Every structure is written in structure tokens, then in C-alpha cells.
Amino acid sequence: MKSKRITAGLTAIFLGYLGIHKFVLGYNREGVIILLVHFVAFPIFLFVTCGSSSPTYGLVYLLPIIEGIIYLTKSDEEFINAYQLNKRAWF
């Protein structure tokens, strides 16, 4: 099985706030969750709270970067076992 480590890691770092890295790994449900949070939930929270929840919104950008770094620091074998074979969807 070919490793998707580099592709998933780079998309997590650069497009992670959209959940693209989840789609790359075949985690469609998780990718849709991230898209919904980004385009539906946070705009509603920002509107209701007049922008006061914006520090929470930063997590949408920070967590995928951390996840991308985790992907890139694993060996191909570790990555395949954890994320492609065992389907470990979150971190």
C-alpha cells in the first residue's frame, strides 16, 4: 500500500481548515464535519456572539497544522498502520 503521508500532511497544513486532508485519507464523514463547522457553525457563533468567539475559531486553523506536522513526522510504515489501515481519524 502506498503511503499518503506527504499529501495528507501538506494538505492538512495548507488546507486543513477545509478538511481536505480528511478527504485525501478517505475519511469523508470527518471531512464533511470540518466543512460544516467552518462554513455553518462558526459563522452562526460569530453572529450570535458579535465576534467574541473568534479565539475559538483560531482552533480551526491551528489543529490541522498540528495534525499535518504529526503526519509528516511519522514514518511511512507508522502512518500506513495508524491512518490508512486502522482508520485512526482524529490525531
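Numbers here simply count residues along the sequence, with the first being 1. This one's a predicted model, so the numbers in the text were calculated from it and none came from an experiment.
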Requested in this report: Could you walk me through whether Phe79 and Leu25 pass side-chain contact (heavy atoms from CB on, under 4.5 Å), step by step?
Outcome: CA-CA 11 Å; Phe79 183 84; Leu25 291 172; 3.6 Å; yes
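Note that the NZ atom of Lys4 and the NE2 atom of His21 stand 13.5 Å from one another [nearest 0.5 Å]. How far CG of Leu85 is from CD of Glu77: 10.0 Å, rounded to the nearest 0.5 Å. To the nearest 0.5 Å, atoms CD (Gln84) and CG (Asp76) are separated by 9.0 Å. Interatomic distance, Leu72 CG to Leu10 CG, rounded to the nearest 0.5 Å: 5.5 Å. Rounding to the nearest 0.5 Å places CG of Leu63 at 9.5 Å from CD1 of Ile70. Rounding to the nearest 0.5 Å places CZ of Arg5 at 8.5 Å from OG1 of Thr73.
Lys22 has a carboxylate O that lies under 4.0 Å from a charged side-chain N of Glu67, or vice versa, which qualifies the two as a salt bridge.
Considering every non-hydrogen atom in both Ala12 and Gly68, the closest pair reads CB-CA, 3.6 Å. Here the closest non-hydrogen pair linking Asn81 and Asn86 is O-ND2, 2.7 Å. Looking at every heavy atom in both residues, Gly19 comes nearest to Ile34 through N-CG2, 3.6 Å.
Thr11 is not listed as a side-chain neighbour of Tyr71, based on a closest heavy-atom distance of 4.5 Å or more. For the pair Phe23 and Leu18, the minimum side-chain heavy-atom distance is 4.5 Å or more.
Heavy-atom neighbours of Lys87 NZ from other residues, nucleotides or ligands within 6.0 Å: above the threshold of 12.
Using the six-membered ring where Trp is involved, Tyr61 and Tyr17 have ring planes that are tilted, between 30° and 60° apart.
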